[in-house]
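Each chain gets a letter, A, B and so on, in the order the sequences are listed, and its residues count up from 1. All values below come from the heavy atoms of this structure, side chains included, with hydrogens, waters and symmetry mates left out.
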Protein chains: 4
Amino acid sequence: MRKVDPERQQAKRRQIIEAAADCFARRGFHATTTAEICAAAGMSPGNLFHYFASKNAIIEAIAEEEWRDTAAYFAAIDRDTPDPLEAVLSFLDVVMVFAADRSYSRLALEVAAETLRNPVVGTSVAAGDAAMRDGLAALLRQAAARGQIDPDLDPAQCAKWIAVLIDGVFSRLALDTGFDPVHEAPMLRRVVSRFLAKPGRGA
Amino acid sequence: MRKVDPERQQAKRRQIIEAAADCFARRGFHATTTAEICAAAGMSPGNLFHYFASKNAIIEAIAEEEWRDTAAYFAAIDRDTPDPLEAVLSFLDVVMVFAADRSYSRLALEVAAETLRNPVVGTSVAAGDAAMRDGLAALLRQAAARGQIDPDLDPAQCAKWIAVLIDGVFSRLALDTGFDPVHEAPMLRRVVSRFLAKPGRGA
Amino acid sequence: MRKVDPERQQAKRRQIIEAAADCFARRGFHATTTAEICAAAGMSPGNLFHYFASKNAIIEAIAEEEWRDTAAYFAAIDRDTPDPLEAVLSFLDVVMVFAADRSYSRLALEVAAETLRNPVVGTSVAAGDAAMRDGLAALLRQAAARGQIDPDLDPAQCAKWIAVLIDGVFSRLALDTGFDPVHEAPMLRRVVSRFLAKPGRGA
Amino acid sequence: MRKVDPERQQAKRRQIIEAAADCFARRGFHATTTAEICAAAGMSPGNLFHYFASKNAIIEAIAEEEWRDTAAYFAAIDRDTPDPLEAVLSFLDVVMVFAADRSYSRLALEVAAETLRNPVVGTSVAAGDAAMRDGLAALLRQAAARGQIDPDLDPAQCAKWIAVLIDGVFSRLALDTGFDPVHEAPMLRRVVSRFLAKPGRGA
DNA sequence: GATGAATGAGTATTCATTCAT
DNA sequence: CATGAATGAATACTCATTCAT
């Protein structure tokens, strides 16, 4: 009888998070009212606060979820993969698939914007970011060991610049309506490949 | 003798824009109240509206100024520069100098965020963005003609990805406190150089 | 058990309307602040807007209520009353009773003033006005058929001039503090009686 | 040299009054800003206050002018006119001519509305009203003496009800767009004639 | 748990009026 | 006299959050 609660609790939280994520993607975090979220989640205004202490707590949960997903992605990569460079490039393909989802990319920008204002969001995003960079750096180290990339490159710094590219893609989506992730995905592979390639040989 | 206004008018607008830009950079556009801007600009609450019709109009003016500066930068580049590739890389250095200014980079992110909500800001930012990409593409075309870069690359698409990198740098500044533009500037040069370089030769 | 709202909702709206009507009568529509209305209705500033979307919506509701009351009054008159002329004159007595209520007459003037600015109010007032004139015209037609009034008169035009007199009474109340509706009621009867009377015979 | 000032002063005041009257008629007293009046009068915002101490002072001046005009109208009527009844009815025609002027009738309503809020306006309007009723009462007394009207009527009370009719006409103009003063003028004559007529004879 | 009515702090903007030039 | 920049008080409305039922 008691164990049902935590389950329902989680189900409701998911329901709210999904409704809110949708609202945030469409109208932005600040422009979205709690009333809108409640309506989208099919619940009463007061009830929301049984599940989240505040509107901020919702975007904090979204940011944390994002972080966990990223960490899980890299945790799932085989540490002894025979082709670590391809693992990096595959990750970029995955990123571009997400980027192609208008709703996801909008939400990502909203979360990024909240980073500047909400330290809790900032912490989660930073953690997810660190997980990604660490994961990439580890793969790059392996790639270097296997002779797939320029051994003179600093894996951590390269991971940082891959992150720059990923962030840049999401910014582009907001600023340049002509930027199509599906179409540009091969180019991202190429930019990164050339960047990592050993000098003296072509892409 | 009577109509000395235009000058004073412009001076006041500058004063307000600078005060507002500072507030926006510190606290964000939405969190900044008009009262704060007035206080920072040393004027009474009502007086602000003699110079700007609304709070939105201020950030619109900032966005437009930014656009004009960008356009002016590229308009000033010698069309027959003997080293167009270096012109591109020099521009990246300039970008990194701006990026190193905390206040500037914060403001840039606020403007970018407003892009999604305020179409006037969106238009200015898009215009500045187009000016930058067109300017870069022109330089890349010259660089290709002079054999400085891989002739197989599409100048417009390369300009687009340089824009991705620049946007990414500004995003990084918000997300990763360990990202130091001064220190990373050479890396940006290197990433772009390698990306543009003719295959078969090193950076 | 849950949705007992409609009743409470209506009760609250009434409460607000009455508080607002009182404020409008005392201080005028524009001079009345929403805070005053809330205070008079015994509720918090924000709560008012659960019941009315705006301050304008309140006076619109008042105007509509007025219109419905007028329409209801005439709908309730027996279409086969044996003395239609007396029905007209009785209506004038009722009008004068309302006019004698300082609060009511002030409010009526405020509503009339809003007619010029707020089209929603204008529509309701026009509808109430039309209902009154149609009702009066119908009675005058019956009165003519029964030989109670001059058969040469145009019922619609007579109704219009009775409306002129009624409007005039309310204007008088504002302009001439010496105008006492209770005392003047018989005179209104007399003016209208003489106006409608068959020529060749006295009032 | 000094005597020119009072003249210019008066000219400027007229100019302002006319510009303001036009604005008030079009947009209403409260909705009209002093800036609009200044623009319409072709002067700077500050300058207005050299001629009128406040916005209220302008409508007060308009109300006073109205009062003086009314008083002058009745002062000009020959005290020994052979046909005082016709003088009354002619006055009604004049009223209807004014009523037909949309701008004038709107302004009259604005002034009337201010009566409730501004005691200075109230005093002027009351004075004008008294002048009109006194003038009418005097004429009615003469008409009674000459056997033109029912001798049993109280001249003051009749004047009061004529005022009711006039006020009513102006109200009608605001409420009923189908009320055409030019077309209704004969009816006003008829209503008043019947009202004043000796019993036992037709209109 | 659920409801939705109630709260009340927070804010951009307007505009009559003043006053230095 | 004229200008128009400056003032600052005043106000409708929003919305996250609480709480009685």
Side-chain angles (χ1 to χ4, degrees), chain A residues 4-5 8-9 12 30-39 41-58, chain B residues 1-5 8-9 11-12 30-39 41-58, chain C residues 1-5 8-9 11-12 30-39 41-58, chain D residues 4-5 8-9 12 30-39 41-58:
Chain A
V4 184
D5 291 356
R8 291 187 80 89
Q9 178 95 343
K12 282 282 183 186
H30 282 113
T32 298
T33 66
T34 53
E36 279 170 350
I37 299 171
C38 291
M43 52 174 49
S44 68
N47 202 16
L48 180 75
F49 293 88
H50 280 280
Y51 300 98
F52 289 95
S54 68
K55 186 179 153 185
N56 278 331
I58 302 176
Chain B
M1 279 285 183
R2 252 157 286 215
K3 305 273 180 179
V4 207
D5 313 359
R8 291 191 89 85
Q9 179 94 342
K12 281 282 178 185
H30 282 114
T32 298
T33 67
T34 54
E36 280 169 351
I37 299 171
C38 291
M43 50 176 47
S44 67
N47 200 17
L48 180 74
F49 294 89
H50 278 261
Y51 299 97
F52 290 95
S54 67
K55 187 177 147 185
N56 277 331
I58 301 176
Chain C
M1 279 283 181
R2 253 157 285 215
K3 307 272 180 178
V4 207
D5 312 0
R8 291 191 88 85
Q9 179 95 342
K12 280 282 178 185
H30 283 113
T32 299
T33 67
T34 54
E36 281 169 351
I37 299 170
C38 290
M43 49 176 47
S44 67
N47 200 18
L48 180 73
F49 295 89
H50 279 263
Y51 299 97
F52 290 96
S54 67
K55 189 177 145 183
N56 277 331
I58 301 176
Chain D
V4 184
D5 289 357
R8 291 187 79 90
Q9 178 96 341
K12 283 280 181 184
H30 282 113
T32 298
T33 67
T34 54
E36 280 170 350
I37 299 170
C38 291
M43 52 174 48
S44 67
N47 201 17
L48 180 75
F49 294 88
H50 280 280
Y51 300 97
F52 290 96
S54 68
K55 186 178 152 185
N56 278 332
I58 302 176

**B/S/- contact track for nucleotides 15-21 of chain E, protein heavy atom under 4.0 Å** = BBBB---
**Distance, nearest 0.5 Å, that separates NZ of B:Lys55 from CD of B:Glu36** = 8.5 Å
**Fill in**
Answer for the Watson-Crick or wobble partner of F:dT21, both distances under 3.5 Å, is E:dA2
**Request:** Would you mind reading off the distance between C:Met43 atom CE and E:dT7 atom C1', rounded to a whole angstrom?
**Result:** 11 Å
**Asked** Hey, does the side chain of C:Ser44 come within less than 4.0 Å of E:dT7's phosphate (OP1/OP2), counting only N and O?
**Response** yes
**Gap separating the SG atom of A:Cys38 from the CZ atom of A:Phe49, nearest 0.5 angstrom** = 7.0 Å
**Asked** Hey, does the side chain of C:Tyr51 come within less than 4.0 Å of E:dA6's phosphate (OP1/OP2), counting only N and O?
**Response** yes
**Request:** Calculate the interatomic distance between C:Phe52 atom CZ and E:dA6 atom P; express it in whole Å.
**Result:** 13 Å
**Message:** For C:Lys12 and C:His50: C-alpha separation, side-chain torsions, deciding distance, then whether side-chain contact (heavy atoms from CB on, under 4.5 Å) applies.
**Reply:** CA-CA 10 Å; C:Lys12 280 282 178 185; C:His50 279 263; over 6 Å; no
**Asked** Which nucleotide, in any strand shown, forms a Watson-Crick or G-U wobble pair with F:dG8, with both distances under 3.5 Å?
**Response** E:dC15
**Asked** When rounded to the nearest 0.5 angstrom, what distance separates CG in A:Leu48 from OG in A:Ser44?
**Response** 9.0 Å
**Prompt:** Rounded to whole angstrom units, what separation is found between the CD atom of C:Glu36 and the P atom of F:dT11?
**Reply:** 8 Å
**Request:** Write down the atom of B:Ala57, the atom of B:Ala53, and the distance for their closest heavy-atom approach.
**Result:** CB-N, 4.1 Å
**Asked** From D:Ile37 CD1 over to D:Phe52 CZ, what is the distance, rounded to the nearest 0.5 angstrom?
**Response** 9.5 Å
**Item:** Residue-phosphate contact under 4.0 Å: D:Lys12 side-chain N/O, F:dC1 OP1/OP2
**Value:** no
**Request:** Answer yes or no: does a side-chain N or O of C:Gln9 lie under 4.0 Å from OP1 or OP2 of E:dG4?
**Result:** no
